[in-house]
Structures are given as C-alpha cells and as structure tokens.
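First the proteins, then the strands, lettered A, B, ... as listed; each starts at 1.
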Amino acid sequence: MCISGKIKKGAYYDSVALMNVGKALAGLPGVVDAAVVMGTRENAGILERSGLWQELFEGTTDSDLLISVKAENEETATAMLAEADELLTASLKKGDSGDTAVTPWSLEGAVNLLPDANMVLISVAGRYAAHEALKALELGRHVMLFSDNVSIEDELRLKQVAHEKGLLVMGPDCGTAIINGVPLAFANVVRRGGIGVVAASGTGLQEVTCLISNEGAGISQAIGTGGRDVKKAIGGIMFLDALRALAEDDETKVILLVSKPPHESVVAEIQKLAASLSKPVISFFLGADTGVESLEAAALLAVASERGEPTETVAERLRARDAELETLAKTEAAKCRPGQRYVRGLFSGGTFCSEAQILWKESISPLYSNAPAGSAVKMKDVLQSEANTVIDLGEDEFTVGRPHPMIDFSLRNQRIREEANDPETAVILLDVVLGYGSNMNPMEELDAVLREAVGKTRVICSVTGTDQDPQNRSRVSAALKALGAVVLPSNAAACKLAGNIIRELGA
Amino acid sequence: MAIGDLFKQELNVINIGLVSFKEGLDSVHTPAVQVEWKPPILVSPEATARLKERRVAIEAANAKAMEIILQGVPLLVDMGVARDVVPGMTENTILHAGPPITWERMCGPMRGAIIGALIYEGKAVDPEEAEALAASGKVCFSPCHEHGTVGPMAGVVSPSMPVFMLRNETYGNQAFCTMNEGLGKVLRYGAFSDEVVERLKWMETVLFPVLKKALKKTGPINLKNLIAQALHMGDEVHNRNRAGTSLLYRTLAPAIVRTAPDTESAAKTLEFIQNNDHFFLNLSMPACKVTLDAARNIPDSSVVVVMARNGTDFGVQLAGTGDQWFTGPADVPDALFFPGFTKEDANPDIGDSSITETNGLGGFAIAASPAIVQFVGGNASDAIRYTKQMYEITVTENNVYQVPYLNFRGTPTGIDVIKVIEKNILPFIDTGVAHRLPGIGQVGAGVLSASLEPFRKAYEGFANT
C-alpha cells in the first residue's frame with residue numbers, strides 16, 4: 001500500500017467537478033482510495049478520517065487544491081497523480097466545443113453575451129457570493145443565491161437593495177425555485193398550474209411542488225427565499241415581497257406558504273398580509289400552529305382548495321392512510337431483531353429532518369439531532385448517533401468545501417453503513433430527492449450500501465420527485481423496493497411509519 | 001420594475017458556479033450562459049472598500065487616460081546615439097529592461113548582456129574584467145523605462161548604441177529604442193561572444209548612418225498606421241513582426257537606395273532588415289511606450305502604463321501612481337523550446353516588450369495573429385479566446401488597432417488593475433525565452449500570464465493614493 005499526494009496552489013475548480021474527478025480516480029485499477037479537494041479545514045478533517053491526509057498538506061489554505069491517492073504500489077500512486085491532472089484539465093475543457101464560441105469570465109461579460117438575462121443563479125463559495133449578487137442587482141437582474149455561508153449583514157443589505165429595485169433575491173442558501181416553469185438549481189419537473197408557492201425551505205418547496213404535481217395539479221411560480229428570510233434579522237423582506245407578487249399574478253389562484261420555523265413577529269406580518277388577500281392562502285410553518293400537520297397535508301390542501309373541494313376530504317384521506325401505516329408498522333416491527341429499538345434518520349433535506357422531529361414530538365424520546373427542532377436535543381458529537389437520532393447532512397459542518405449531500409452521497413453512504421452495524425438500530429430513515437441539480441443516478445450510489453443495510457435493519461425511504469424528473473420517480477421507487485426498502489411517497493408518511501415502528505418496539 | 005414583470009418574460013439565466021445547474025437549464029431549453037468564474041485575488045478588504053468609494057473619480061480618470069492613449073500618434077522621426085539623445089544617459093550608465101535591479105540580483109542573460117555591452121563600449125577586454133567592473137559599483141544601472149526608453153529581453157542600452165527616436169505627434173513626448181539585432185546569438189538574450197560585439201559595431205558604423213539618412217529623406221513615419229496594417233496582415237507586433245518589418249522595408253527601401261553612401265552599404269542594410277523578422281519589434285515597442293507615457297501622472301487612474309520584466313522581477317506602473325514600481329517575482333513562460341532545450345533551461349520572463357500588451361497589442365491582439373499560438377501547441381480558437389478574455393480587464397477597445405476575425409473589433413486596450421484583481425484574470429503576454437545562463441541566447445518562444453504579485457501590490461498601492 002502506498003500513499004502519494006500533491007498540492008496545486010491557487011487552482012480553482014467547482015466542488016462538483018472535484019467530486020467527479022475524485023470519483024473517477026478512485027475507480028481506476030490499482031487505486032484503493034483517492035480524494036481531490038480544496039484545502040479547507042473541514043476537508044482536512046475528512047482526509048484525516050479517511051486516512052488520506054499527508055504531511056505535505058500541512059499549512060495549505062482554502063485556495064490550494066489537494067490531491068491524495070492511496071494505491072496498491074508506488075508506481076500506480078505516482079501515475080494516478082498525473083492522471084488526476086489530466087482529469088482536472090478535461091473537466092475544464094468540458095463545454096469547449098473547440099470552435100470560437102466563447103464563455104464569459106465575469107457577470108458583466110455574461111450580460112453582454114445574453115442581454116435579455118433576467119435571472120442570475122449564483123452558487124460560488126459563500127464568501128464571494130454576496131459580491132456577485134450585489135453586482136447582479138446593480139445591473140437590474142433578479143438573483144437566486146444558492147450559496148450558503150453568506151453573512152446575515154450581507155443578506156439584509158442585498159434584500160434591502162432588491163426590495164428598493166423591485167427585484168427578487170432568492171437566498172442565500174436557497175436550494176430550489178421554479179420560475180415560469182423553469183426548475184432552478186435543485187428543482188423538479190412539475191406541471192404548470194394555478195398554485196403559487198413561497199418557501200423559506202428548499203426541500204419543503206421541492207416536496208410540496210412534487211406532491212401537487214403528482215396529484216395532477218400544477219405550479220404557477222415557486223419562489224424560494226432562503227431559510228433565514230423569516231428570522232427576525234431579515235424580517236421576511238423577500239417572503240412578503242414574493243407573497244405580494246403572487247397575489248398580483250393572474251396565473252396564481254391559490255397561494256401555498258412553506259417555512260422553517262419563522263420568528264413570531266414575521267409570522268404575524270405574513271399572516272396579516274395573507275389575511276388581506278382575496279386569494280386562498282394555505283400556510284405550513286414548521287413548529288408553528290397553523291392547523292396544518294405536514295408538508296404533505298399542506299400540498300393536498302392547496303390542491304383541494306384550487307379544485308374547490310372541502311378540506312375535510314383531505315383530512316379523511318390522511319386518516320385512512322395513517323391507519324394503513326399503523327398496520328404496516330406492526331408487520332415491520334415484527335421483523336426486527338431483539339435489541340433493535342432506535343430510529344436513525346439520515347436526511348439530505350434539512351426541512352425533512354425538522355419535519356421528522358416535529359411529527360415525533362409527542363411519540364419519540366429521547367431524540368437527538370445536529371439540527372434540533374421541537375423537543376429534540378443537540379447531539380454531543382455529530383459523528384456519533386445515540387438513541388433516536390436524526391441528522392441533517394446538508395448542515396454546514398458536512399458541506400463546507402464539498403458538494404451538497406443530494407449530489408455527493410459518499411458521506412451519507414458511509415453513515416448508513418455505520419448505523420446499520422449498530423445493534424440498536426431498528427430503522428434507517430432516508431430521503432431520496434430527485435430532480436435537476438441532484439445526483440442523476442441515485443440508485444448507482446445507493447445500490448450496494450442498501451443491499452447491505454436491508455439485511456441488518458429496516459430501511460424506509462421517501463422519494464421526492466416526479467416521473468418527469470430526469471431520474472424518474474417511479475423507476476427509482478421500484479428499484480428501492482426491489483432492494484427490500486419500504487418506499488413512501490412523502491416524508492411525512494415515511495416519518496410516521498418509522499415512528500410507529502419505534503413505538504411498537506418500545507411497547 | 002416589479003417582481004411580477006419577471007413572470008411575464010421568458011426566463012434567461014446567467015449561471016455563476018456549479019456547471020450542473022447550467023446543464024439542467026440546457027435540458028429544459030432555457031437560454032443560459034455559464035460564467036467561467038474564478039475567485040477574486042485576495043486583497044485587503046479596506047483597499048477594496050476605499051476603491052469602491054472612489055469609483056466615480058476612478059472611472060473619470062480612466063476615461064481621460066484612455067482618451068490620451070487612443071489619441072496618441074507615434075511617429076518615427078530620427079535616429080541618434082544614446083549618449084546624445086536619451087534623457088539621463090551618462091558615460092557610466094547602462095539601461096536595462098524591467099523594474100530597478102542590482103547586479104547581485106540580476107539573472108544570467110541580463111548579466112551576459114551587460115558584459116557584452118561593457119566589452120562593446122571598450123570598458124572591458126574580456127568577460128571576467130567586465131563582470132568585475134559591473135560588480136564594482138562603478139556602473140550605474142537604471143531601468144530603460146525611467147529614461148523614455150524600452151528594450152526587448154535584457155533591454156541593455158549603453159552610451160554608444162544608436163537608437164530610434166520617436167515622438168508622440170499629439171502630446172510631444174519622446175521615446176527611444178535600440179535597433180533589433182536579429183535572432184541567434186544576440187546581446188538582448190545575454191550573448192556576448194565576439195560575433196555579438198562585432199555585429200553591434202557594424203550596426204553602429206554602417207546600419208545606423210544609412211538608416212538615419214534614409215529617415216531624413218522619408219520624413220517622419222507614422223507607426224500607428226503601420227501597426228494597424230500589420231495587424232491586418234497577421235502580426236500582433238510582439239512575437240510576430242514579419243508584416244511590420246516588410247511594411248517598414250517598403251517604406252524605407254527607396255530612400256535607402258537613394259541616400260546610402262554606396263551600393264554595398266545600401267544592399268547590406270536592406271539584407272539585414274530582410275533577414276530579421278523582428279526588426280520592427282524595436283519600433284512597435286517604443287511606439288507603445290511613447291503612446292502610454294503621455295498618460296502618466298493622471299491622479300485616480302488605475303490604468304496600467306508599464307508592464308516590464310528584468311528576468312528576476314515583474315514590474316507594473318499605473319497612470320495614477322507616478323513613478324512608483326510595483327514588483328513581484330517573474331514567472332517562467334510556457335514555451336515551445338528549440339531542439340535541445342527544455343523548461344529547465346528557461347530564464348524567468350524578461351524584457352520591456354510587454355509594453356505592447358500594455359498598449360492593447362501583442363498577447364492582447366493575438367486573435368489577429370493565430371500563427372503565434374502554434375508556439376505553444378494551441379490552435380486558432382485559443383488565440384480568439386485569449387483576446388476575448390482580455391476585453392474583461394481592459395477599459396476600452398482600440399480606435400485604430402483592430403482584429404479582422406472579430407469583425408474588426410478594436411483590440412482590448414488599457415489594462416485596469418481593479419478589473420484584473422476583481423476578475424482574477426491576469427494580462428496575457430507573448431514572449432521569447434532566454435537561457436538562464438549568460439552567453440547562450442534564445443531557447444524558445446511562448447506565452448504566459450503576467451505575474452500576480454505586482455498587480456496585487458499595485459491594487460493596494462493605488463488604493464492608498
């Protein structure tokens with residue numbers, strides 16, 4: 001076994017390109033493991049844990065590219081370093097057709113090339129993102145700011161500027177939006193229709209738009225604001241602006257509001273505005289009492305409202321479904337081995353992680369999380385689950401310097417293995433989020449690890465997506481079922497089933 | 001503007017960051033452009049904040065600088081001997097390329113050229129004596145640029161050397177440059193053997209008087225017109241000067257024949273120019289120098305007026321920072337090496353010839369000269385790409401120098417140090433490559449991006465003005 005490494009000073013590649021190069025490298029014959037990452041503190045930790053850290057990396061910084069290869073012999077290791085260079089070069093050449101079509105190097109250059117541009121989608125590292133966003137606003141363009149790690153001061157300034165100019169700033173940390181039927185960043189291919197969505201929750205937006213589309217209804221606009229918009233510091237500037245825009249939009253018949261726990265003053269503002277509108281408004285604010293239980297219920301209520309059906313039909317339907325989940329839980333609990341008694345939820349969507357905790361508030365205890373909501377307790381060590389644990393793998397501690405877990409499955413897969421090997425784990429609960437931006441071949445990533453896990457514990461998956469998504473929801477659901485996982489069409493249903501099983505086991 | 005307006009338009013997206021988002025937009029047929037984004041160069045946030053506050057003043061100053069640069073008309077008016085015409089030239093002075101440097105820090109080719117110049121001047125009989133003299137502190141070394149002069153590669157100018165004299169017709173300032181010696185073993189690449197010194201002597205005694213007389217006959221030659229034509233003929237007037245040399249030859253030949261003291265010296269002069277594709281380089285360079293010098297000392301202007309290398313350091317001067325040099329280590333170019341040589345043999349970048357890029361020519365005009373990219377194994381589309389990228393860091397487009405392939409678009413002109421830093425795009429330079437040891441000469445030719453450090457310092461230094 002031989003480990004070999006190299007530093008490229010000042011080299012810059014986007015995190016997805018690096019992930020692809022690292023993966024390609026690790027898959028080559030003779031290579032045991034490989035990593036191609038920027039030299040952030042977080043990545044240093046990841047390299048160390050995976051045995052890929054080398055002395056020569058000491059003292060490197062965020063702007064250095066680290067290449068580490070573990071191979072069967074020295075010759076291969078050295079050859080693979082050269083191979084890494086070629087893969088990196090090839091990753092840049094992508095899109096260069098060899099003709100004279102020229103890509104711009106700056107926002108100004110891009111505006112010259114596409115003068116009709118009305119939306120700037122920004123996903124560069126957080127510390128640079130606000131600067132680019134402000135430039136876009138100054139040029140009169142709407143902004144979707146996918147980047148996270150943007151300061152709250154910058155967010156406020158951007159949103160004040162945007163509000164003045166009548167522009168959108170979706171984000172920071174806005175994972176998804178659907179504008180004029182176009183899915184942006186992590187978004188699904190959904191039907192167009194009369195339901196307009198404003199969401200301070202990326203996964204929440206994906207879940208409700210997919211559920212609405214899968215019900216046969218459609219979306220007029222789905223506007224993300226980023227989770228912090230509804231905090232006190234920002235005061236819901238964009239949430240309220242977006243709500244007003246939908247209120248004036250002729251295509252929008254029903255408005256659906258989704259949010260992670262908002263500040264109470266912001267809730268009040270939103271509710272005041274919503275009450276003044278002539279259109280029906282359905283709200284689901286995680287952890288706040290709006291009379292709506294889950295994202296799923298909110299989506300179904302919006303559909304019923306647009307169709308003019310009474311809300312009672314939705315309640316009845318969910319009651320019937322919940323009864324089925326009770327029955328199913330008994331069957332599944334019976335398959336558990338003695339000593340298995342806890343649920344371990346590994347979420348790529350932050351809102352799903354919160355929703356699980358809210359739904360289990362009464363029934364599951366003790367409950368730990370790296371992103372506690374409701375009565376859950378903060379984990380002492382995010383790398384070590386205890387009792388019932390739910391983890392949001394999209395939190396900063398897992399994502400700085402690497403792609404989002406909806407793209408890069410490696411961290412979660414490693415965690416699935418660990419949880420499955422814990423004799424106390426009864427249920428592993430997963431979200432599989434499809435659509436643009438997400439990993440295009442989720443089954444390729446999950447196949448081996450789930451095959452192993454289903455032999456040891458119950459595996460419950462929710463699939464968020466549509467059949468029009470490039471990954472195809474039906475196909476992914478069928479493949480998961482074929483592996484032996486229990487597949488449910490919403491996160492709420494998956495959480496309820498998991499909760500029921502744990503309750504059965506405790507009884 | 002209102003958010004609702006967006007709902008009535010077709011969505012057109014600019015994507016900065018993850019390429020997969022652009023691919024998603026492509027597959028739903030939404031018009032989208034990917035920005036080839038790089039993180040900005042790290043500079044002090046205070047500097048950036050100060051420059052932001054001064055933005056209006058800077059833009060106005062840069063517009064003024066560019067007007068001066070675009071209105072400048074370089075004329076070749078006469079020739080003279082350095083000691084007589086170059087400002088500040090003394091018997092003990094030797095001018096060199098790039099920012100100031102001491103003998104101790106000079107690279108091999110620079111030392112070689114100085115050894116050659118001291119032998120040529122009769123101040124030393126052999127290299128050992130020349131070296132001892134150079135190290136003695138009795139010779140005053142000074143950058144060409146501080147004497148209205150430019151020199152390719154080592155750029156060494158000693159008192160007896162004949163120089164071209166240029167005048168900026170619009171602003172009256174002057175610039176100077178020696179005559180180009182040709183390729184092979186030449187002083188500017190640090191060679192100092194007998195043949196090098198003999199050639200310099202011939203240039204002084206035969207070539208110089210013939211050309212001076214011929215110039216008197218032709219009257220001032222408008223180099224701006226000549227360069228504009230050369231660009232249409234496949235030159236970028238830095239690494240390729242074949243067309244420029246030919247045009248100059250056509251202009252001078254009748255006058256040379258008419259004014260030379262005898263047929264043989266006329267024929268030798270014409271042969272020398274005909275055999276040296278780079279003869280025009282020593283005119284395109286001072287033409288750029290005389291044009292840019294007129295735009296010096298404009299407070300608040302972030303336009304670069306000098307990029308120059310001495311083989312050890314890369315130096316930058318700005319219109320708004322007077323005579324201050326901002327320097328950092330010079331890099332080794334990517335090059336096509338002559339047979340028998342490799343990158344190991346290469347000296348870091350050297351010469352004042354990057355004055356052409358500073359004036360929107362050379363690497364900035366490489367799209368007009370696709371033959372050049374072959375030096376580094378590139379293709380014609382690379383040349384287009386390089387030039388297009390330079391528009392990102394320049395203030396304006398040239399009014400006279402054009403790129404035929406880009407629909408006669410003016411070349412990117414007037415490097416703005418603020419854009420360089422914000423966009424992390426460094427100026428692109430064509431260059432020859434010298435051997436790192438003295439006395440060997442040229443080992444290749446190629447391209448490189450300017451060094452980062454001097455631009456970072458220039459940005460922060462400018463912010464402090």
Q: More than 12 heavy atoms of other residues, nucleotides or ligands under 6.0 Å from NZ of A:Lys279: is that the case?
A: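 Correct, the count exceeds 12.
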Q: Residue by residue, which of residues 183-195 of chain A have a heavy atom closer than 4.5 Å to a heavy atom belonging to chain B?
A: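 Result: A:Pro183, A:Leu184, A:Ala185, A:Phe186.
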Q: Please report the closest heavy-atom contact between A:Ala110 and B:Val33, naming both atoms and the distance.
A: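 In this case the closest contact between A:Ala110 and B:Val33 is CB-CG1, 4.0 Å.
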Q: Under 4.5 Å heavy-atom distance to chain B, tell me which part of A:Asp116 shows up: side chain, backbone, both or neither.
A: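 Both parts, backbone and side chain.
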Q: Kindly compute the distance separating CG (B:Leu11) from NE2 (A:His142), expressed to the nearest 0.5 Å.
A: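 With rounding to 0.5 Å, CG (B:Leu11) is 9.0 Å from NE2 (A:His142).
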Q: For A:Asn180, is it the side chain, the backbone, both, or neither that has a heavy atom closer than 4.5 Å to a heavy atom of chain B?
A: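 Only the side chain of A:Asn180 comes within 4.5 Å of chain B.
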Q: Which heavy atom of A:Gly437 sits nearest to which heavy atom of B:Phe21, and what is that distance?
A: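 Scanning both residues, the minimum pair turns out to be CA-CE2, 3.9 Å.
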Q: Could you verify whether a donor N or O on one side chain and an acceptor N or O on the other, from B:Gln34 and A:Thr103, lie under 3.5 Å apart?
A: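 No - no donor-acceptor pair under 3.5 Å links their side chains.
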Q: What pair of heavy atoms forms the shortest contact from B:Arg385 to A:Trp105, and how long is it?
A: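 Heavy atoms of B:Arg385 and A:Trp105 come nearest at O-CH2, 3.6 Å.
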Q: Heavy-atom pairs under 4.5 Å with chain A - which of B:Pro39, B:Ala367, B:Ser27, B:Pro31 has more of them than the others?
A: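 Of the options given, most contacts go to B:Pro39.
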Q: Could you state the interatomic distance from OG (A:Ser106) to NZ (B:Lys38), rounded to the nearest 0.5 Å?
A: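 Result: 12.0 Å between the selected atoms.
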Q: Backbone N or O of A:Asn118 within a donor-acceptor pair of the B:Asn12 side chain at under 3.5 Å?
A: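 Checking the backbone N and O of A:Asn118 against the side chain of B:Asn12, no donor-acceptor pair under 3.5 Å is found.
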Q: What part of A:Glu108 gets within 4.5 angstrom of chain B, counting heavy atoms only: side chain, backbone, both, or neither?
A: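 Just the side chain, heavy atoms under 4.5 Å.
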Q: Does any non-hydrogen side-chain atom of A:Leu246 lie less than 4.5 Å from one of B:Phe7?
A: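 Yes; the side chains approach each other to less than 4.5 Å.
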Q: Can you tell me how far apart CG (A:Asn112) and CD (B:Glu392) are? Round to the nearest 0.5 Å.
A: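 If I round to the nearest 0.5 Å, the distance is 8.0 Å.
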Q: Which residues in residues 423-430 of chain B have any heavy atom closer than 4.5 Å to a heavy atom of chain A?
A: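 The residues closer than 4.5 Å to chain A, in numerical order, are B:Lys423, B:Ile425.
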Q: Evaluate the side chain to side chain contact (heavy atoms under 4.5 Å, CB included) criterion for residues B:Val28 and A:Tyr436: first the C-alpha distance (whole Å), next the side-chain angles of each, then the deciding distance (0.1 Å), finally the verdict.
A: CA-CA 10 Å; B:Val28 295; A:Tyr436 286 109; 3.7 Å; yes
Q: Which pairs, with at least one residue in residues 401-421 of chain B and sequence neighbours excluded, count as a salt bridge (Lys or Arg N to Asp or Glu O under 4.0 Å)?
A: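 Of all non-adjacent pairs touching residues 401-421 of chain B, those that pass salt bridge (Lys or Arg N to Asp or Glu O under 4.0 Å) are B:Glu397-B:Arg409.
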Q: Which atoms of B:Leu25 are under 4.5 Å from chain A, going by heavy atoms: the side chain, the backbone, both sets, or neither?
A: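 The answer is the side chain of B:Leu25.
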Q: Just wondering, are more than 12 heavy atoms of other shown residues or ligands nearer than 6.0 Å to NE2 in A:His131?
A: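 Counting other residues, nucleotides and ligands, NE2 of A:His131 exceeds 12 neighbours.
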Q: Could you check B:Ile14, B:Asn15, B:Val35 and say which one makes a side-chain contact (heavy atoms from CB on, under 4.5 Å) with A:Leu121?
A: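 Exactly one pass, corresponding to B:Asn15.
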Q: Over all heavy atoms of both residues, which pair between A:Ala245 and B:Gly4 is shortest? Give the atoms and the distance, please.
A: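 Shortest heavy-atom contact: CB-N, 4.4 Å.
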Q: Among all residues two or more places apart in sequence or in another chain, which pass the salt bridge (Lys or Arg N to Asp or Glu O under 4.0 Å) test with A:Lys23?
A: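 With neighbours one apart ignored, the set is A:Glu445.
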Q: Using non-hydrogen atoms only, which part of A:Glu248 is less than 4.5 Å away from chain B: side chain, backbone, both, or neither?
A: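 No part of it gets close to chain B.
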Q: To check you understand the geometry: which heavy-atom pair defines the closest contact between A:Met119 and B:Leu6, and what is its length?
A: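 That would be CE-CD2, 3.8 Å.
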